Visitor: 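Structure below; questions to follow.
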Number of protein chains: 2
Amino acid sequence: MSVEPRADTGGDRISAARERFDRLYRTLRDRICLLDYPPGARLREEALAEEFGVSRTPLRRVLGWLEAQGLVRSVQGVGTIVTDVDIVALTQVYQMRMELAELIGKLSPVEPDAETLALFRALQARSRTLAVTPDPRAFAELNLDFFYALLRLTANEPLREISERLYLQTSRIWLKSIPRLDLAEEIAIFSREIADILAAVEIGDLEAAGLTRRSHISMCFARLRAQSARSGARGTQG
Amino acid sequence: MSVEPRADTGGDRISAARERFDRLYRTLRDRICLLDYPPGARLREEALAEEFGVSRTPLRRVLGWLEAQGLVRSVQGVGTIVTDVDIVALTQVYQMRMELAELIGKLSPVEPDAETLALFRALQARSRTLAVTPDPRAFAELNLDFFYALLRLTANEPLREISERLYLQTSRIWLKSIPRLDLAEEIAIFSREIADILAAVEIGDLEAAGLTRRSHISMCFARLRAQSARSGARGTQG
DNA sequence: GTTGAGGCAGTTGTGTACAACATCACGCCG
DNA sequence: CGGCGTGATGTTGTACACAACTGCCTCAAC
């Protein structure tokens, strides 16, 4: 499911070293994408190494991957800084994500099985719960899980990898401005998106699901940009 | 132009360390993509470190990036092996590349300036020279340069990064089977592709250029698969 | 002849000490 | 009072030694 820990194709024995690496990588990645480490935060290798009970060497390998994914940037003498995304780059990524969302319904679509359907219904249930008791963190996690559910709709591995990469790069930027938007309204909109896409998935029309997703990404970005314009010209550059 | 050495946005001073890293990364990447290190080749860290006059530590950072890009895979006790791509993955990547080629003409197209036009014309001249004196290596380099010229047609940075990543992953697989195809014929076809796309670029119709490119990628893969089927059922799995 | 265990050579993974570099505070000088 | 040099401090980058692991070869037992 994940892009990076090179899914052990075939019967590859996963070594203890690689397992440690995967665990560290996912942990740090999630912390970045759920804003535990917000953009601009400085990560210190030694502190992280101590926390995970390893030396700096294997930890630096993990940070190297995060840097390759564009989530952090190491600079000598300063530290490892969580990247931010300026408004221009954000616009470009959102344009790409719109196209990719449409492609998910067109390239190698997979007939949704019972498990996938159950997953989408569970997500819808969670969104209803969230609408009653709004919580930013739970909203972030629901968004992430919903995204991964959407990835199940295509069997095209490169498309999944690319979609994941772009999502992880920008979702945290969107999350960052949630407090300046209307949380309850965003949750309501998101609930409708889940309902719409679930309806499309239930009748097996994945192309419709992709188009729906595309339109929601488009409108989501429009709200983001409108908010950015309202709250002054200060962008998200870091 | 390159995806990985995080183009120093703004006036960032590039440190000596990063410069060394970029040089090593590009060198090794080119060697892999031009088949100096064919799929399955085993890279030894110590030998490479000695060649470049550094220790294993910074070299391992470079190999880590190559692994993140899917070009090599390090496994403890064995070595760092250049990856191969099986026929299923190859098919999926080519499908994605077709879509991306079309997007290059649609997402943030940039009006070709004089420099870009001159570049395309120079590439056409090189293809004509190559048609007279066929050479696999020169063909590989021309293909790479033509690809980078196409990337100039869009300003969408994520699209460029993704296109580059997928191209570098599969071009070497295609190159590998060139000897089993008709080199002269492939060069002739490629010359026509350059001519077609140059014509579209000259009148500023980037969407047409994208569609042309897409159809050529499609036909290129069809020839590749036909050859693969002819030369027995042995795939390119490694 | 076959098969299994054991050791040996070779490779990547890890820990640690030190070098290179950036930032900031402090104090000197104009 | 402002500006600049200089040192202290903290961080990432590098080198090297050793540990962990894999594959192969040898050799003995059956």
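Residue numbers begin at 1 in each chain, while the letters A, B, ... track the order of the sequences. Note that these values count all heavy atoms, side chains included, but never hydrogens, waters or copies made by symmetry. These numbers were taken from a predicted model, which means no experiment stands behind them.
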Visitor: Given atom CD of Glu19(B) and atom P of dA20(C), what is their separation to the nearest angstrom?
Guide: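 Taking atom P of dA20(C) as the reference, CD of Glu19(B) is at 17 Å.
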Visitor: When the distance from CG of Leu59(A) to P of dT11(D) is rounded to whole Å, what number comes out?
Guide: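 It works out to 14 Å between those atoms.
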Visitor: May I have the distance from Arg61(A) (atom CZ) to dG15(C) (atom C1'), rounded to whole angstrom?
Guide: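 Going from Arg61(A) (CZ) to dG15(C) (C1'), I get 15 Å.
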Visitor: Mapping Ser55(A) and Val75(A) onto DNA chain C by nearest heavy atom, which one lands closer to the 5' end?
Guide: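 Upstream on the strand: Ser55(A).
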Visitor: Using the closest heavy atom to pick a nucleotide of DNA chain D for each, name whichever of Thr80(A) or Gly53(B) lands nearer the 5' end.
Guide: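 Per heavy-atom nearest nucleotide, the more 5' residue is Thr80(A).
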Visitor: Which nucleotide wins on minimum distance to the side chain of Gln76(A), given the candidates dT14(D), dA20(C), dG13(C)?
Guide: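 For Gln76(A), the side-chain atoms sit closest to dA20(C).
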Visitor: Within 45 degrees of the axis of the six-membered ring of Tyr94(A) and under 6.0 Å from its centre: does Arg97(A) put its NZ or CZ there?
Guide: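 Positive - Arg97(A) is close enough to the ring of Tyr94(A) and near enough to its axis.
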Visitor: When you check the phosphate oxygens OP1 and OP2 of dT14(D), does a side-chain N or O of Arg56(B) lie under 4.0 Å from one of them?
Guide: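 The answer is no; no side-chain N or O of Arg56(B) sits under 4.0 Å from OP1 or OP2.
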Visitor: Indicate, with yes or no, if the rings of Phe139(B) and Trp174(B) have centres closer together than 6.0 Å.
Guide: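 Yes: the rings meet the under 6.0 Å criterion.
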Visitor: Does a side-chain N or O from Thr57(A) land closer than 4.0 Å to OP1 or OP2 of dT14(C), or not?
Guide: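 For Thr57(A), the contact criterion (side-chain N or O under 4.0 Å from OP1 or OP2 of dT14(C)) is not met.
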Visitor: Measure CD/Glu46(B) against P/dG10(C) and give the value in whole Å, please.
Guide: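 Taking atom P of dG10(C) as the reference, CD of Glu46(B) is at 11 Å.
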Visitor: Look at the side-chain N and O atoms of Arg44(B) and state whether any lies under 4.0 Å from the OP1 or OP2 oxygen of dT12(C).
Guide: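 The answer is no; no side-chain N or O of Arg44(B) sits under 4.0 Å from OP1 or OP2.
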Visitor: Taking the side chain from Thr80(A) and the backbone from Arg73(A), do they hold a donor-acceptor pair closer than 3.5 Å?
Guide: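 No.
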Visitor: Measure from the side chain of Pro58(A), starting at C-beta and using heavy atoms only, and say which of dA15(D), dA20(D), dT14(C) lies closest.
Guide: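 Closest of the options to the side chain of Pro58(A): dT14(C).
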Visitor: Judged by each residue's nearest nucleotide on DNA chain D, which is more toward the 5′ side, Val78(B) or Leu43(A)?
Guide: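 The 5'-side residue here is Leu43(A).
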Visitor: Rounded to the nearest Å, what distance is computed from the CD atom of residue Glu67(A) to the P atom of nucleotide dT12(D)?
Guide: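 Those two atoms, CD and P, are 12 Å apart.
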Visitor: Can you measure Phe21(B) atom CZ to dA20(C) atom P for me and round it to whole angstrom units?
Guide: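 Those two atoms, CZ and P, are 21 Å apart.
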Visitor: Looking at Arg23(B) and Glu19(B), is any side-chain nitrogen of the basic one under 4.0 Å from a carboxylate oxygen of the acidic one?
Guide: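 Not counted as a salt bridge, because no side-chain N and carboxylate O are separated by less than 4.0 Å.
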Visitor: Phe52(A) has an atom CZ; how far is it from atom P of dT14(C), in whole Å?
Guide: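 These atoms are roughly 14 Å apart.
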Visitor: Are Met96(A) and Leu100(B) close enough, and set up right, to give a side chain to side chain contact (heavy atoms under 4.5 Å, CB included), and what steps lead you there?
Guide: CA-CA 10 Å; Met96(A) 268 305 290; Leu100(B) 294 178; 4.1 Å; yes
Visitor: Determine: side-chain N/O of Arg18(A) to OP1/OP2 of dG13(C), distance under 4.0 Å, yes or no.
Guide: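 Checking dG13(C) against Arg18(A), no side-chain N or O comes under 4.0 Å of OP1 or OP2.
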Visitor: Whole Å only: how far is the CZ atom of Arg20(B) from the P atom of dA20(C)?
Guide: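 Arg20(B) atom CZ is separated from dA20(C) atom P by 10 Å.
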Visitor: Would you tell me if any nitrogen or oxygen in the side chain of Arg60(B) comes within less than 4.0 Å of OP1 or OP2 on dT14(C)?
Guide: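 Indeed not, no polar side-chain atom of Arg60(B) lies that close.
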